[in-house]
Amino acid sequence: MGGAPYSFEIEIPRRYFDVGLSASSGQMFRWKQTANSEWVGANGKHWFRVRVLDGREAYRVESSGPPTVFQSLFRLDWDAADVTETLTRLGPELEPYLQAMPGLRLTRSGDAVETFFSFLCSANNHISRITGMVNHLAAYGPRLEVVDVIDLHRFPRVATLAKVEEAELREKGFGYRAATITQIARELESRGGEAYLRSLGAMPYERAQIELLGFKGIGRKLADCIALFGLDHTEAVPIDTHIWQAATRLYFPHWQGTALTDRKYEEASAFIRNRFGRLAGWAQQALFYENVVNWRTRK
DNA sequence: AGTAGACCTGGTCT
DNA sequence: AAGACCAGGTCTA
């Protein structure tokens, strides 16, 4: 299809920014590595194509958006060296996890709507299937571009998703989430849709969390994922099965092997948040993905 | 406040 | 190779 409106270089050491790792670590679900090992993906209304420049600590990016969009998406305005140093100082126990995941960054979605619906797909689910479901939802949006046979869509708006029928999603293999997703889409629209969602990003984390918990089908975990990955509340710490394992290993050994209850969720999440402040979400991401990659061998 | 089941589907393990 | 188990959980009883 037509050429990219924007083409630019991003110069940064790999240990501070690994696109593939950051794009495929469960924060976004619309990135793929092509046969010639480029990373192609979409977020909200933009698409991206990223290539590692041989022998250089740099990327060549083609995109529908200017460099600022890409930089914001991968939070390049945060200095990874600085973040890592601070996290290690505040929590020396994080060092092996950060070292194990060099170049993994906390991303910042440019589209709260996409993140909201992406994580609705994530409950009690595998990353591989979440990916398929999110791409099904994305297909309701207009096509932006085709890059290397990969269809890249603008993620649909709330009004579009609010019209989707439960049966339709069932047929696409959404299972019981077909019901919650369509119901929540309607509820979100009635609350003001995208503008409402964005307003949650402007309020304090605690208030946004309460708002999100008001949706039937959104519990603490999803609320925290949406807050962290979609609303830029970087102090949010979603506690899922992986973080629960890491948290009990590092901070609550007496809870190892026990079930995660509301109270324990609150305590573990707040502990990590208080320990790392606005960097807590970044710490969470390192702990999360390291555990995803290594949990099988660990047990 | 904590526990037990149910819930779609499909990867992974046995 | 068919069947159990489980996954970035949440709701209800």
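Chain identifiers are assigned alphabetically (A, B, ...) following the order of the sequence lines, protein sequences preceding nucleic acid strands; residue numbering begins at 1 within each chain.
In this structure, A:E187 atom CD and C:dC11 atom P are separated by 13 Å, rounded to whole Å. Between the CG atom of A:D240 and the P atom of C:dC6 there is a distance of 16 Å, rounded to whole Å. Taking atom OH of residue A:Y176 and atom P of nucleotide C:dT10, one finds them 10 Å apart after rounding to whole Å. A straight line from CD1 of A:I130 to P of C:dT10 spans 12 Å, rounded to a whole angstrom. The CG-P distance, from A:L260 to C:dA7, rounds to 13 Å in whole Å. Regarding A:E267, its CD atom lies at a distance of 14 Å from the P atom of B:dA1, rounded to whole Å. Atom-to-atom, CG of A:L120 to P of C:dA7 comes out at 20 Å; the value is rounded to the nearest Å. What separates CD of A:E171 from C1' of B:dT9 is a distance of 15 Å, to the nearest Å.
The nearest heavy atom of DNA chain C to A:F215 and to A:Q284 marks one nucleotide each, and the one closer to the 5' end goes with A:Q284. Nearest-nucleotide positions on DNA chain B for A:D262 and A:N124 put A:D262 closer to the 5' end.
Proximity note for A:T261 (side chain, C-beta onward) versus C:dG8, C:dC11, B:dT3: the nearest is B:dT3. The side chain of A:R263 lies closest to B:dG2 when the candidates are C:dG8, C:dC11, B:dG2. Here the side chain of A:I127 is nearest to one of C:dG9, C:dT12, C:dG8, namely C:dG8. Nearest to the side chain of A:L222, among C:dT10, B:dC7, C:dG8, sits C:dT10.
Side-chain to base pairing of A:Y265 with C:dG9: no donor and acceptor N or O lie closer than 3.5 Å to each other. If you check distances only, the side chain of A:H126 never reaches the base of B:dG11 with a donor-acceptor pair under 3.5 Å. Side-chain to base pairing of A:Q245 with C:dG8: no donor and acceptor N or O lie closer than 3.5 Å to each other.
In DNA chain C, runs of at least 3 consecutive Watson-Crick or G-U pairs, each pair with both distances below 3.5 Å, span B:3-7 with C:9-13, B:9-14 with C:2-7.
Backbone-only engagement by A:G173 is indicated by non-hydrogen atom pairs under 4.0 Å involving sugar-phosphate atoms exclusively. Within the nucleic acid shown, A:T258 has no heavy atom closer than 4.0 Å to any nucleic acid atom. Across all strands, A:F229 comes closer than 4.0 Å to base atoms (heavy-atom distances).
Under 4.0 Å is where a charged nitrogen must lie from a carboxylate oxygen, and between A:D232 and A:R278 no such pair does. A salt bridge links A:E9 with A:R56: the distance from a Lys NZ or Arg NE/NH1/NH2 to an Asp or Glu carboxylate oxygen falls below 4.0 Å. Ion pairing of A:D111 with A:R154 is absent here, as no side-chain N (NZ or NE/NH1/NH2) approaches a carboxylate O to less than 4.0 Å. A salt bridge links A:R157 with A:E194: at least one charged nitrogen is closer than 4.0 Å to a carboxylate oxygen.
The six-membered or imidazole ring of A:Y59 lies near that of A:F17, with a centre-to-centre distance under 6.0 Å. Taking the ring centroids of A:F119 and A:F29, they lie under the 6.0 Å cut-off. Centroid-to-centroid, the aromatic rings of A:F271 and A:F252 come within less than 6.0 Å.
Phosphate contact (OP1/OP2 of B:dC7, side-chain N/O of A:R177, threshold under 4.0 Å): absent. Under 4.0 angstrom from either OP1 or OP2 of C:dT12 there lies at least one side-chain N or O belonging to A:K216. One finds no side-chain N or O of A:R129 lying less than 4.0 angstrom from the OP1 or OP2 phosphate oxygen of C:dA7.
Nucleotides C:dA13 and B:dC8 place their P atoms 16 Å apart, quoted to the nearest Å. Across the P atoms, C:dC6 and B:dA4 are found 15 Å apart, a figure rounded to whole Å. Across C:dG8 and B:dT3, the matching C1' atoms stand 22 Å from one another, rounded to whole Å.
A:L152 is not listed as a side-chain neighbour of A:R143, based on a closest heavy-atom distance of 4.5 Å or more.
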For residues 215-225 of chain A, please give each side-chain donor-acceptor pair under 3.5 Å, one per line with the distance, not counting sequence neighbours.
from: A:R220; atom 1: NE; to: A:E266; atom 2: OE2; distance (Å): 2.8
from: A:R220; atom 1: NH2; to: A:E266; atom 2: OE2; distance (Å): 3.3
from: A:D224; atom 1: OD1; to: A:Y205; atom 2: OH; distance (Å): 2.6
from: A:D224; atom 1: OD1; to: A:Q209; atom 2: NE2; distance (Å): 3.2
from: A:D224; atom 1: OD2; to: A:Y265; atom 2: OH; distance (Å): 2.6

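Stacking between A:F119 and the base of C:dG8 is absent under the criterion of ring centres within 5.5 Å and planes under 30 degrees.
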